[in-house]
Amino acid sequence: MAAAVRGARGGGSGGVGAGFLSLFSYRVFVSAMFSLLFIATATVLITTRPSSTHHHSQRLQSGGNAYMHRTYVALNSDPLKTRLDLIYRQANDHITLVKAYAAYARKLKLDISRQLKMFDDLAKNFSDITSKPRYKSSLFETDGSLDEDVLRQFEKEVKDRVKFARLLMAESKENYDNQLKIQKLKDTIFAVSELLGKAKKNGAFASSIAAKSVPKSLHCLAMRLVEERISHPEKYEEDLPKSEFEDPDLYHYAIFSDNVIAVSVVVRSVVKNAEEPWKHVFHVVTDRMNLAAMKVWFRMRPVEGGAHVEVKALEDYNFMNSVYVPVLRQIESAKKRFYLEQKMENATKDGNNMKFRDLEHTSMLNHLRFYLPEMYPNLHKILFLDDDVVVQKDLTGLWKIDLSGKVNGAVETCFGSFHRFSQYLNFSNPLIRERFNPKACAWAYGMNIFDLDAWRREQCTEMYHSWQNLNVDRTLWKSGTLPPGLMTFYSLTKSLDKSWHVLGLGYNPSISMDVISNAAVIHYNGNMKPWLDIAMNRYKNLWTKYVDNDMEFVQTCNFGV
């Protein structure tokens with residue numbers, strides 16, 4: 001029993017000793033493992049850092065941008081190098097900005113060569129800082145610690161240049177912004193001008209179509225008058241010519257038109273403002289298509305005050321043939337050539353065909369004004385009126401004006417450099433250049449007092465023929481009757497007071513109403529004729545008050561005046 005107890009105690013003592021030895025061995029083992037791990041980590045750090053620093057130094061030497069590449073360990077291991085890196089980044093950022101402003105200055109093509117040179121120099125100075133030997137050896141190529149004094153000096157130089165760069169860019173930015181705004185405004189103005197030009201062309205084209213078209217009311221009126229002529233032929237038998245038609249002591253007017261209502265307004269406005277209407281004779285010439293309508297109108301609505309109206313057709317004048325009249329001859333020739341070329345491929349694309357097509361549609365009623373002495377051989381003076389005029393005063397004073405041997409009495413239209421001969425004639429042609437002064441003042445057709453005796457003496461019709469023959473290819477002037485009129489009556493026109501004839505009511509909305517009210521004749525020249533829907537309302541009533549609204553066909557056709 002006693003032996004057993006001792007044995008048990010002895011065994012217990014031996015177990016405790018073995019456990020202690022085992023715990024001690026484990027602690028030693030752990031300590032040894034941590035020591036080995038520390039030694040291994042220290043070895044890795046010691047062996048890795050020099051190679052990393054050497055590699056980083058090589059990057060700096062290879063170029064400025066290489067310096068931007070740093071490891072996280074290097075940046076956090078040396079505060080001075082972190083500071084150097086930040087300074088370097090700031091310098092590089094401002095180099096980029098300076099180069100951007102310099103490039104923008106070149107793009108604007110402004111007269112800023114001084115600023116451009118400053119930008120280039122500033123960019124170069126930023127780059128040259130890192131190339132200075134002192135900074136290069138002490139900051140960028142060293143393997144050891146950085147010299148704080150050298151770094152401070154480097155930072156000061158960089159900040160000085162940054163400050164100057166910012167001042168220069170702030171000053172230039174305002175200038176560039178203004179230039180950019182100006183350039184944008186110029187671009188906008190150019191774009192708007194392009195749109196405006198297109199709109200004007202389209203508007204002019206549409207206005208031209210509207211002006212040349214026949215409104216339904218006018219067509220209706222002409223048809224009603226012709227219907228009246230056919231329905232009651234006994235009422236409209238031809239009258240014998242009146243002696244007043246050739247009496248040179250009376251006041252004679254020439255009106256050439258195919259517009260019935262327009263002619264009636266001209267005649268009514270003359271008569272209503274005439275002191276002695278029975279002394280006024282109107283010679284109305286139209287084309288054969290509108291002859292019946294024109295005659296029926298003046299038979300149904302006789303002119304008040306005893307004035308006389310003669311209505312004839314263009315075809316009633318035998319001398320109006322292609323043998324004698326150049327324009328008719330050119331029209332016939334143009335027709336033949338046009339129809340021949342129509343058969344050729346792409347003939348309609350030829351620009352010359354457009355000339356012939358325009359010539360084909362030339363109204364001979366417009367060119368009839370050049371044959372007044374032959375149309376009225378017994379007259380000494382005649383007043384020519386367009387069908388788009390309104391007379392507001394007695395015109396008999398025009399026959400009393402001394403034309404001083406001139407052929408044509410007209411109101412001049414030039415002001416400043418506008419409406420000079422150079423605008424109507426081709427002065428690149430030697431025939432024009434040698435005969436006419438490009439600065440000579442143009443005058444207006446529409447109200448012209450002609451001395452027919454002086455016309456015959458100066459042989460103006462023959463002169464017109466010669467110019468018209470020379471313009472067969474339309475190189476002297478493009479179209480119209482004013483250019484040949486300016487040439488025919490050059491130095492043969494006497495200027496009249498402007499109050500006799502005020503123009504522009506068909507296109508100019510800014511004519512003073514005082515000027516209009518003082519005018520003897522107002523002229524709706526332009527596309528906005530008073531009988532069209534596109535007429536200007538502010539002037540329209542000056543014309544409509546002379547429309548014969550009591551005429552039954554005017555009411556029936558809903559003329560809308």
Side-chain angles (χ1 to χ4, degrees), residues 211 251-257 259 261-277 279-280 282 303-305 307 369 381-403 406 408-416 418-419 441-450 481-482 485-486 489 493-532 534-548 561:
Y251 304 112
H252 293 264
Y253 300 81
I255 307 172
F256 307 147
S257 173
N259 189 327
I261 196 73
V263 172
S264 71
V265 167
V266 176
V267 173
R268 280 171 61 86
S269 64
V270 172
V271 172
K272 284 185 175 294
N273 291 286
E275 295 179 1
E276 300 175 310
K279 292 185 177 181
H280 296 259
F282 299 91
V303 182
E304 301 174 2
R369 65 192 68 189
K381 283 188 176 182
I382 194 167
L383 182 64
F384 173 79
L385 294 177
D386 271 340
D387 64 354
D388 56 352
V389 305
V390 170
V391 178
Q392 302 184 126
K393 296 181 180 180
D394 183 59
L395 299 181
T396 55
L398 288 169
W399 278 265
K400 300 174 184 178
I401 294 177
D402 182 9
L403 295 180
K406 306 287 187 179
N408 175 30
V411 171
E412 293 183 340
T413 56
C414 61
F415 58 96
F418 297 98
H419 297 292
C441 188
W443 43 266
Y445 263 135
M447 191 222 69
N448 306 80
I449 183 72
F450 288 110
T481 55
L482 181 57
L486 295 175
F489 302 113
T493 299
K494 182 179 178 64
S495 177
L496 303 180
D497 187 273
K498 292 185 181 295
S499 63
W500 280 111
H501 187 190
V502 171
L503 298 100
L505 278 71
Y507 69 89
N508 185 1
S510 60
I511 304 174
S512 168
M513 294 307 296
D514 292 335
V515 172
I516 291 175
S517 61
N518 292 327
V521 175
I522 55 175
H523 195 170
Y524 292 83
N525 59 310
N527 288 334
M528 299 179 184
K529 302 300 183 186
W531 54 83
L532 299 175
I534 61 174
M536 286 184 277
N537 290 330
R538 67 175 308 198
Y539 304 139
K540 192 169 184 177
N541 67 303
L542 300 173
W543 183 84
T544 56
K545 68 180 181 180
Y546 291 106
V547 174
D548 189 355
V561 294

Engineer: When the ring centroid of Tyr546 is compared with that of Trp531, is the distance short of 6.0 Å?
Structural biologist: no
Engineer: So, for Glu412 and Lys498, which heavy atoms are closest and what is the spacing to 0.1 Å?
Structural biologist: O-NZ, 2.8 Å
Engineer: Considering all heavy atoms of both residues, which atom of Ala520 and which atom of Leu395 are nearest to each other, and what is their separation?
Structural biologist: CB-CD2, 3.9 Å
Engineer: So, the side chain of Tyr539 versus the backbone of Gly504: is there a donor-acceptor pair under 3.5 Å, distance only?
Structural biologist: no
Engineer: I'd like to check Val271 versus Pro277 (side-chain heavy atoms, cut-off strictly below 4.5 Å). Are they in contact?
Structural biologist: yes
Engineer: Which distance, rounded to the nearest 0.5 Å, do you find between the CE of Met528 and the CG of Asn537?
Structural biologist: 10.5 Å
Engineer: Measuring only between side-chain heavy atoms, which start at C-beta, is Arg369 closer than 4.5 Å to Asp386?
Structural biologist: yes
Engineer: Within the structure provided, determine whether Ile449 and Trp500 are in side-chain contact (heavy-atom separation under 4.5 Å).
Structural biologist: no
Engineer: Could you check if a side-chain atom of Thr396 sits within less than 4.5 angstrom of a side-chain atom of His280, using non-hydrogen atoms only?
Structural biologist: yes
Engineer: Of the non-hydrogen atoms in Asn525 and Tyr507, which two are nearest, and what is the gap between them?
Structural biologist: O-CD2, 3.2 Å
Engineer: Quick one: closest heavy-atom pair of Thr493 and Lys406, and the distance?
Structural biologist: N-CD, 4.1 Å
Engineer: Might you point out which heavy atoms bring Val265 and Val390 nearest each other, and give the distance in Å?
Structural biologist: CG1-CG2, 4.2 Å
Engineer: What's the separation between atom CG in Leu385 and atom OH in Tyr445, rounded to the nearest 0.5 Å?
Structural biologist: 13.5 Å
Engineer: Could you walk me through whether Ser257 and Asn259 satisfy the side chain to side chain donor-acceptor pair (under 3.5 Å) test, starting with their C-alpha distance in whole Å, then the side-chain angles of each, then the deciding distance to 0.1 Å, before giving a yes or no?
Structural biologist: CA-CA 6 Å; Ser257 173; Asn259 189 327; 5.6 Å; no
Engineer: Working to the nearest 0.5 Å, report the span between NE2 of His523 and OG1 of Thr413.
Structural biologist: 12.0 Å
Engineer: Answer whether the closest heavy-atom distance between the side chains of Val267 and Val270 falls below 4.5 Å.
Structural biologist: no
Engineer: Hey, does Trp543 have a side-chain heavy atom less than 4.5 Å from the side chain of Leu505?
Structural biologist: no
Engineer: Closest approach of Ile522 and Gln392, non-hydrogen atoms and distance?
Structural biologist: CG2-NE2, 3.6 Å
Engineer: Are a donor atom and an acceptor atom from the side chains of Tyr251 and Asp394 found within less than 3.5 Å of each other?
Structural biologist: no
Engineer: Quick one: does Leu486's side chain get under 4.5 Å of Trp443's, heavy atoms only?
Structural biologist: yes
Engineer: So do Val266 and Tyr253 actually touch side chain to side chain, heavy atoms under 4.5 Å?
Structural biologist: no
Engineer: Rounded to the nearest 0.5 Å, how far apart are CG of Leu542 and CE of Met513?
Structural biologist: 5.0 Å
Engineer: Would you compute the distance between atom CG of Asn448 and atom CG of Asn408 and round it to the nearest 0.5 angstrom?
Structural biologist: 5.0 Å
Engineer: Would you call the rings of Phe450 and Phe489 parallel, tilted or perpendicular if under 30° counts as parallel and over 60° as perpendicular?
Structural biologist: tilted
Engineer: Any donor-acceptor pair under 3.5 Å linking the side chain of Lys494 with the backbone of Leu403?
Structural biologist: no
Engineer: Quickly, which of Val389, Val391, Leu496 forms a side chain to side chain contact (heavy atoms under 4.5 Å, CB included) with Met447? Name it, please.
Structural biologist: Leu496
